[in-house]
Amino acid sequence: MKKIIGVCLLLILGQSGINEARAALQVMACEPEWGALAREIGGEDVVVYTATTGLQDPHLIEARPSLIAQVRRADMLVCTGADLEAGWLPLLLRQAGNPRVQPGTPGYFEAASVVAKLEIPTRLDRSEGDVHAAGNPHIQTDPRNIARVAEALSKRLGEVDSTHAAAYQARHAAFSAKWNTAMQRWEKLAAPLKGVAIVVQHRGFPYLSNWLGLREIATLEPKPGIEPSSAHLSTVLAQLQRQPAKMVIHAAYQGGRASAWLAGRANIPVVELPFTVGGTAEAQDLFSLFDDTLQRLLKAVK
Amino acid sequence: MKHHLVLMGLPLRVLRPQHWYIRVRHMIAAASMAAITSAAAAQDPTAALSANAFNPAISLILSGTYTHLSQDPATYALPGFAVGDAASPGQRGFGISPTELHLGANIDPDLYGAMALIINPDNTVALEEVYFQTTSLGHGVTVKGGRFFSGIGAINQKHPHAWDFIDEPLVYRAFLNFQYGDDGLQVRWIAPTETFIELGGEILKGSGFVAGGNEKNGVGAYSLFAHIGGDVGVSQSWRVGGALLNAAPRGRESGDIAADLPDRFSGDSRLWTADFIWKWAPNGNPRLRNAVIQGEYFRREDDGSMSGAVSGISGDYRARQSGAYLQGVYQFIPRWRAGLRYDVLATHELNDASGALADLDYSPSRASAILEFAKSPFSRFRLQYNADQSRSSNVDHQVYAQYQLSLGAHGGHQF
């Protein structure tokens, strides 16, 4: 009898938990960094579902049935934009039948729309590889961009869910203070990285380089989105003989084979960066994402 | 849909109808670029956008196939099956495949519109799809209208260039004359659940093959379909589906259509389909390695009358036929994929008083292997071998070599 009552209680409690969750704003974040940011600012007023993990290539996501179901349920989408999700998000939006999150509505938030983009192509042609008209979308590797997005996101959350607008503002103010302190600490810590020459596997880090003053002297992908070929790697190796670099960096979601090949021959370290929250075991939230990124870079220049 | 073969630019001869497509994998919108501005270019939100920013997304699929068939394609048949004009292993030698032109854009805040135009190698043009789709009805409901590929089956609603093999599964060849597209209306509903649940239905003119020749007021064919799907952990995803396509053909043409001697079927035709897709990628990241296993089962029930072109006799017709295929494709290193497929068809019951078809107690089958190399996300090269026992147990060794190129904007493909 006790068991039955226990089961009933569990069911009732479980049910109320579900009801509470339904009352909170359902946010679907396209990438882990925006999921983490939505949790910072949304707190208990939002339920966040993150569509991708730090070990997935955000360009290359399947328009899976589970993602259609999540877009169907969402009150708000928080995505990078700048065509990063062009291969999958439009498909999800067209199939989900959810007008609350269609582009142009307040429920559709693009982080890249509030930051100045780098690497805007002067020539749009596929002979340049997988080029992107709007500029490089990997904006999350510069914490100053996170700060800009946080401000815009808190306003947008307040617009979509006006009953909790004050709470979003308050959480943003607290986050912003903590973030500014952390940025000062990171910038002091990163002083030895200024002017350091690096090689990147994919053009995923221009914002990080711009923030820290790193110099990207070569890219392992011959053209964006095109796998490194052995011929191109040999060219880069020859270039490094004339113009040495301190390290090769790649994102955790990319295979590090090309980086390891080059690094072994050029006798420089490979640095695997988390790239986003969850990319490494250490990068558990936005703060530890930058802690871990800097720690890994600094270890390579020591 | 009749094609001329063009060999090295020279028109050679008129072909039997065929339908050749190729597959282009996800055109991934990759993020970075080669030609870049050197300095940080701050965006001016007030900058005027040029008028052509409103142009629809345009993409073009170019492809060509070299075909080697050990048996004469003119003798191709699926014994005991009333097949349409596209049931063919293709033509020997070099040939370009139909060129696909896709256009799509939002029309207004409530509607999306798209068109897929096929330019055949013989310079004829076909509207493969042209439809509108709602974007703002809400409650998970989407309405589509115009000409479109039906939601039945696992791959019917995908464009053929997105299929994993160069040619169509035998169940599509035998029961749908390649692929079922028709004019009409489709309604789909997605349940507000974490598990993907989709229910849909279509009312159609009934002009596609499995219906065929049904010109009347009202509804010529209808379909009902359901899909359920989800993830298992982070590395696996799946979808299963089932559908019914119910048609009332009037004079549906089959048999020797090329020689203008078609048999004609009138009556009721019901097609039941069941399908599954299972995808795997380590950590859900398909970039390095991934696998897809997919299978479909079709069963068609025809009841009515057949008029045989050769026999000149019309008589009662009743057929119960089914088929299935199972395929797996594995990307073992970046850019390289290999796959295997096995197809089989069976006749359970066939009574044709017209004498056009006879139950020969033979089950057509086919085994296929494919190797695919992607030079970039926008160009693919494929080599496929079929041990084809469609017409008899004498194996037709079929080899296809194909390129497929995608120009312009290209979004992703459906699951």
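In this text the structure is predicted, and so the values were computed from the model without any measurement. So that the names make sense, note that chain A is the first sequence line, chain B the second, and so on, each numbered from 1.
Atom CZ of A:Arg257 is surrounded by 12 or fewer heavy atoms from other residues, nucleotides or ligands within 6.0 Å.
Applying a 4.5 Å heavy-atom cutoff, the residues of residues 230-243 of chain B that approach chain A are B:Gly230, B:Asp231, B:Val234, B:Ser237, B:Trp238, B:Arg239.
B:Asn285 places none of its side-chain heavy atoms less than 4.5 Å from the side chain of A:Leu55. At a threshold of 4.5 Å between non-hydrogen side-chain atoms, the residues B:Pro286 and A:Leu60 count as touching.
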side-chain contact (heavy atoms from CB on, under 4.5 Å), that's the test. Do A:Arg64 and B:Lys279 meet it? Break it down for me. CA-CA 9 Å; A:Arg64 303 193 305 275; B:Lys279 296 192 182 191; over 6 Å; no

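Only the side chain of A:Arg72 comes within contact range of chain B, with at least one heavy atom under 4.5 Å from a heavy atom of that chain. When heavy atoms are compared at a cutoff of 4.5 Å, B:Ala281 does not approach chain A at all. B:Leu288 touches chain A through its side chain: at least one heavy atom from C-beta onward sits under 4.5 Å away, while N, CA, C and O do not. Contact annotation for B:Thr142: only side-chain heavy atoms (C-beta onward) come within less than 4.5 Å of a heavy atom of chain A. For B:Glu194, the parts lying under 4.5 angstrom from a heavy atom of chain A are both the backbone and the side chain.
Considering only heavy-atom pairs separated by less than 4.5 Å from chain A, the leading option among B:Pro334, B:Gly284, B:Pro109, B:Pro282 is B:Gly284. In terms of non-hydrogen atom pairs under 4.5 Å with chain A, the most contact-rich of B:Gly138, B:Gly229, B:Ser376 is B:Gly138. Interface remark: of the candidates B:Gln133, B:His227, B:Lys375, B:Gln133 forms the most heavy-atom pairs closer than 4.5 Å to chain A.
In this view, A:Lys155 and A:Glu151 satisfy the salt bridge (charged side-chain N to carboxylate O under 4.0 Å, His left out) rule, not counting sequence neighbours.
From A:Asn98, atom CG reaches atom OG of B:Ser136 across 11.0 Å, with rounding to the nearest 0.5 Å. Going from atom NE2 of B:His413 over to atom CG of A:Leu91 covers 9.0 Å, rounded to the nearest 0.5 Å. The OG1 atom of B:Thr135 sits 10.5 Å away from atom CZ of A:Arg94, with the distance rounded to the nearest 0.5 Å. Rounded to the nearest 0.5 Å, atoms CG (A:Leu93) and CG (B:Asn106) are 9.5 Å apart.
Counting all heavy atoms, side chain and backbone alike, B:Phe196 lies closest to A:Ser66 at CB-N, 4.3 Å. The heavy-atom pair separating A:Ala96 from B:Ile190 by the smallest distance is O-CG1, 4.0 Å.
A donor-acceptor pair is defined here as one N or O able to donate and one able to accept, closer than 3.5 Å; no such pair exists between the side chain of A:Glu227 and the backbone of B:Arg335. Side-chain atoms of A:Glu62 do not come within 3.5 Å of backbone N or O of B:Phe415 as any donor-acceptor pair.
Annotation: cation-pi geometry not satisfied between B:Arg287 and A:Tyr253 (NZ/CZ under 6.0 angstrom from ring centroid, within 45° of ring axis).
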